[in-house]
Amino acid sequence: MLSLPTYDDVSAAAARLSGHAHRTPVLRSTTADQLLGCELFFKCENFQRMGAFKFRGGFNALSKFDAAQRKAGVLAFSSGNHAQAIALSARLLGIPATILMPLDAPRAKMDATRGYGAEVITFDRYKEDREALSRKLATERGMTLIPPFDHPDVMAGQGTAAKELFEDVGELDVLLVPLGGGGLLSGSALSTRALSPRCKLYGVEPEAGDDGRQSLRKGEIVNIPTPQTLADGAQTQHLGQYTFEVIRKNVDDILVASDTQLVEAMRFFAERMKMIVEPTGCLGFAAARHAGLDLAGKRVGVILSGGNVDVARFGELVR
Ligand SMILES: *Cc1c(COP(=O)(O)O)cnc(C)c1O
């Protein structure tokens, strides 16, 4: 076991990311404030490099490689934003990258990953075990495997988004964070407890796959089948060992949002705030509207985690 990350690791990650990651804007909307009767602060990671917060964790993890690791390269498996985050970070740092992607991953994501210069190896997700395959490749090629969420350096990097939010707007009463495997939520927890200790912190996952909520209630990691949801960034089957440890100690509760609520939020962001947020990125705002929290008069932070959705698909969804 590596040791769990602390807020010092988030601060160190912020220093490594400085000048490489965007300090994304915190946007406000009077309409949203009026709708919910509170003050909302949207941390716009849809405007991060490669379109999602995952650049933060990927770049932080790769920045810590020693000379031998840099030479041998990085290996990652992902069908989505983690693939692009590792590919871009590797290119910026001059590290060779190999990404394992399922054969049926969206063409655009595969092209984007190749476009950043990574070698893409495809596998059949119904026949091959991707974790076994990636371990085999990592061993054969001497590459370092960087997982999408369950790694202290990834978690610390993801925590820099919430760190910037608190630095920019001060303490908050509530913070809502999208939840898949828990890299973003655990990193946000470290920043929240350091910079706004009284803030209520909630993870939000798709209604179709509430393994995080079940895990928190049960006190152990619960596994579920891959959930069917529009929130493709949060289609995880379980939290990680490291992420769960940080989440169970620091997170107040885990809420859920339905696909219909996510589409409604996407439409709101497009119409009212003139921006594209991908379905997974809408989890926090959907929960603010519908999860029954008492937000009246409160200062509420919402992390919009990403904006990577095919425009044709976006059109179909919000029509
Ligand atoms: C990966 C991802 C998430 C979930 O992050 P975890 O660290 O796995 O919990 C949320 N939103 C977007 C846009 C993502 O790409």
Side-chain angles (χ1 to χ4, degrees), residues 5 10 13 24 42-58 60-61 76-88 105-106 109 112-113 146-162 176-191 201-206 209-213 215-216 221 226-227 229-244 246-247 251 254-257 262 265-266 269 275-287 302-310 314:
V10 179
T24 54
F42 297 104
K43 175 65 172 167
C44 293
E45 287 297 295
N46 51 324
F47 297 137
Q48 186 51 265
R49 291 186 83 165
M50 54 65 52
F53 72 91
K54 283 205 174 66
F55 179 71
R56 296 173 181 272
N60 185 49
F77 51 81
S78 165
S79 54
N81 289 333
H82 179 60
Q84 291 172 68
I86 293 294
L88 174 58
K109 295 208 164 159
T113 306
I146 297 296
F149 50 85
D150 205 20
H151 190 291
D153 298 339
V154 173
M155 294 157 67
Q158 316 306 31
T160 60
L176 294 156
V177 182
L179 171 61
L184 182 61
L185 180 58
S186 58
S188 301
L190 299 173
S191 295
L201 176 61
Y202 299 99
V204 187
E205 60 188 351
D210 71 339
D211 61 288
R213 182 166 67 174
S215 302
L216 200 65
I221 298 171
T226 302
T229 167
L230 288 178
D232 56 350
Q235 275 182 310
T236 37
Q237 293 173 274
H238 53 83
L239 299 177
Q241 312 276 345
Y242 297 102
T243 60
F244 181 61
V246 174
I247 288 169
V251 171
I254 292 175
L255 313 169
V256 298
L262 296 179
M266 282 170 83
F269 290 128
M275 64 182 178
I276 293 180
V277 184
E278 66 182 275
T280 317
C282 291
L283 283 163
F285 185 54
V302 179
I303 297 188
L304 307 184
S305 51
N308 290 331
V309 51
D310 183 83
F314 179 83

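Both counts, for ligands and for their atoms, begin at 1 and track the order of listing.
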Give me the pairs of N or O atoms, one from ligand 1 and one from the protein, that sit under 3.5 Å apart.
unit_1	atom_1	unit_2	atom_2	d
ligand 1	7 (O)	G183	N	2.8
ligand 1	7 (O)	L184	N	2.9
ligand 1	8 (O)	G181	N	2.8
ligand 1	9 (O)	G180	N	2.7
ligand 1	9 (O)	G181	N	3.1
ligand 1	9 (O)	G182	N	2.7
ligand 1	11 (N)	S305	OG	2.6
ligand 1	15 (O)	K54	NZ	2.7
ligand 1	15 (O)	N81	ND2	2.8

For the pair E205 (side chain) and G212 (backbone), establish whether a donor and an acceptor sit closer than 3.5 Å, ignoring hydrogens and angles. yes
Could you work out, with side-chain hydrogen bond (donor to acceptor under 3.5 Å, both in side chains) as the rule, every residue matching D210, not counting sequence neighbours? R213, Q214
Are the charged groups of E45 and K54 less than 4.0 angstrom apart, N to O? no
Are K109 and D310 close enough for a salt bridge, meaning some N to O gap below 4.0 Å? no
A286: what forms a side-chain contact (heavy atoms from CB on, under 4.5 Å) with it, not counting sequence neighbours? A257, Q261, L262
With sequence neighbours left out, what residues match L216 under side-chain contact (heavy atoms from CB on, under 4.5 Å)? I247, R248, D253, I254
